[in-house]
Amino acid sequence: MGDSGLLLVLSGPSGVGKGTVCKALRERMPNLVYSVSATTRAPRAGEVEGVNYFFKTKAEFEEMIRQDELLEWAEYVGNYYGTPRKFVEETLASGRDVILEIEVQGALQVKKKFPQGIFLFLAPPDLTELQNRIVGRGTESEETIRHRMEVAKSEIELMDHYDYVVVNDVIDCACERIQAIITAEHLKKERQIHKFRKWLKEVN
Ligand code: ADP
Ligand code: 5GP
């Protein structure tokens, strides 16, 4: 554990507010590094290449898979999504915390490769509110909304694989809960003990 940064994985059903909470969290915690994913999904209005996603063609994405450039990847509602590996590994090695905002299948792959990661499930207050948020965002067709709601139900069933469940009722409250988790994780004995052992060696 020692000096490397924390790998935080934030999942939860589409529309629960992952993007919104991550944005608010980044304003509160400027040192937290956000991993930008690659996707074959078309950009939404206002989304910027390299900021929201690296937008790829299917062929480009499949080449990234072949070259083992992705830490994890998944197909979600008809598109590919994946986390560029090198950026995450280098940032963690430099001692900074990284947050991945990814869906459940990808999170489970990360858990196999990085069992020391911290897995956070962002949950809606209830399913009606979840649907209201997806509809309210106004970015999806009726059919995609139905599909995303079906996937959401199966994702909620996988909550048991996570370390923490954070309900996103009020954005600020959800952020405070996540900040509390990050603080507590940094204070874990395993992350601190080596420093004290080093001091003791120096005085002996
Ligand atoms: P996700 O990234 O999980 O798909 P978004 O961050 O795009 O979800 O949020 C979906 C919609 O819900 C957006 O319109 C957003 O403004 C709204 N939203 C997010 N969090 C909350 C909240 N705590 N209360 C009310 N609306 C919210
Ligand atoms: P959206 O199309 O709404 O931006 O994202 C759809 C879903 O894909 C969301 O649950 C989002 O968290 C997830 N996602 C975004 N990037 C990645 C990624 O790199 N890997 C995986 N597995 N899921 C991702």
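Atoms within a ligand are numbered from 1 in the order they appear, just like the ligands themselves. The structure displayed is predicted, hence computed values, not measured ones.
- Protein heavy atom nearest atom 7 (O) of ligand 1, with residue, atom name and distance: Arg137 NH1, 2.8 Å.
- Between Gly136 and ligand 1, a contact under 3.5 Å exists for no N or O pair.
- Legend: residues meeting side chain to side chain donor-acceptor pair (under 3.5 Å) with Tyr53, ordered by chain and number and at least two apart, are absent.
- Using a 4.0 Å heavy-atom cutoff, Asp169 is listed among the residues neighbouring ligand 1.
- Contact residues of ligand 2 (protein heavy atom closer than 4.0 angstrom to a ligand atom; sorted by chain and number): Lys18, Ser37, Arg41, Arg44, Tyr53, Glu72, Ala74, Tyr76, Tyr81, Gly82, Thr83, Glu101, Ile102, Glu103, Gly106, Arg148.
- In Ala174, neither the side chain nor the backbone holds a heavy atom less than 4.0 Å from any atom of ligand 1.
- At a heavy-atom distance under 4.0 Å, no atom of Ile134 approaches ligand 1.
- Nearest to atom 8 (O) of ligand 1 among the protein's heavy atoms is Gly17 N, 3.2 Å.
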Counting only pairs under 3.5 Å, give me each side-chain donor-acceptor contact of residues 118-136, with atom names and distances, residues two or more places apart or in other chains.
unit_1, atom_1, unit_2, atom_2, d
Asp126, OD1, Thr128, N, 3.2
Asp126, OD1, Glu129, N, 2.8
Glu129, OE2, Arg133, NE, 2.7
Glu129, OE2, Arg133, NH2, 3.2
Asn132, ND2, Thr128, O, 3.4
Arg133, NH1, Val16, O, 2.9
Arg133, NH1, Asn168, O, 3.1
Arg133, NH2, Asn168, O, 3.0

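- Taking any N or O of Asn168, backbone or side chain, at least one lies under 3.5 Å from an N or O belonging to ligand 1.
- The closest protein non-hydrogen atom to atom 15 (C) of ligand 1 is Thr20 OG1, 3.6 Å.
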Please lay out, stage by stage, how Ile181 and Leu8 fare under the test side-chain contact (heavy atoms from CB on, under 4.5 Å). CA-CA 10 Å; Ile181 293 166; Leu8 302 150; 5.5 Å; no
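- Counting protein heavy atoms only, atom 2 (O) of ligand 1 is closest to Gly19 N, 2.9 Å.
- At the top of the distance list for atom 10 (C) of ligand 1, counting protein heavy atoms only, stands Gly15 O, 3.5 Å.
- Looking at Tyr80 and Glu62, their side chains do bring a donor and an acceptor atom within 3.5 Å of each other.
- Protein heavy atom in closest approach to atom 18 (N) of ligand 1: Arg133 CD, 3.9 Å.
- Applying the side chain to side chain donor-acceptor pair (under 3.5 Å) test to residues at least two apart or on different chains, the pairs with a partner in residues 147-159 are Ser14-Arg148.
- Each of the following atoms of ligand 1 lies closer than 4.0 Å to a heavy atom of Pro13: 3 (O).
- Listed by number with element, the atoms of ligand 1 under 4.0 angstrom from any heavy atom of Ser14 are 4 (O).
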